[in-house]
Amino acid sequence: MARRSLSSTGSVYIFLTAWDELLFAQVLTTEATATIPVGIRNFVGNYQNRYDLVMAAATVATLPVLVVFFFAQRQLIQGLTAGAVKG
């Protein structure tokens, strides 16, 4: 049981790490293949910042992370408590 929890915890960690690779994606992608964080970064301009668009895009980009968390929440808690010592 602990092995399954460790696997799901590791997969959530890997998902969040890959989701947050802004600098890597900024350097290696073009405008046609930009990732969501790079697209959000493009809303910030030299002379004007569109905070309304940045916040809307950030909200939409956060939704997949929340969905993954809510589906994996039970396995995460099992993984956290698997090594606990009763006493």
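Fair warning: this is a prediction, and the values are worked out from it, not measured in the lab.
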Hey, any chance V44 and L53 share a hydrophobic cluster, counting ILVMFWY side chains that come within less than 4.5 Å of each other, even indirectly? yes

Cluster question for you: counting only ILVMFWY and a side-chain heavy-atom cut-off of under 4.5 Å, with indirect links fine, are V65 and F70 together? yes

Can you give me the closest heavy-atom contact between A34 and T29, atom names plus distance? CA-OG1, 4.0 Å

What are the two closest heavy atoms between A61 and I40, and how far apart are they? CB-CD1, 4.1 Å

Between N49 and V54, does a side chain to side chain contact (heavy atoms under 4.5 Å, CB included) hold up when you go through it step by step? CA-CA 9 Å; N49 294 330; V54 171; over 6 Å; no

Could you list who else is in F71's hydrophobic cluster, with ILVMFWY side chains joined at under 4.5 Å, directly or through other members? V67

Mind checking side-chain contact (heavy atoms from CB on, under 4.5 Å) for T30 and listing every partner two or more places apart, or none if nothing turns up? A32, T33

Please name all residues satisfying side chain to side chain donor-acceptor pair (under 3.5 Å) with R50, sequence neighbours left out, ordered by chain then number. D52

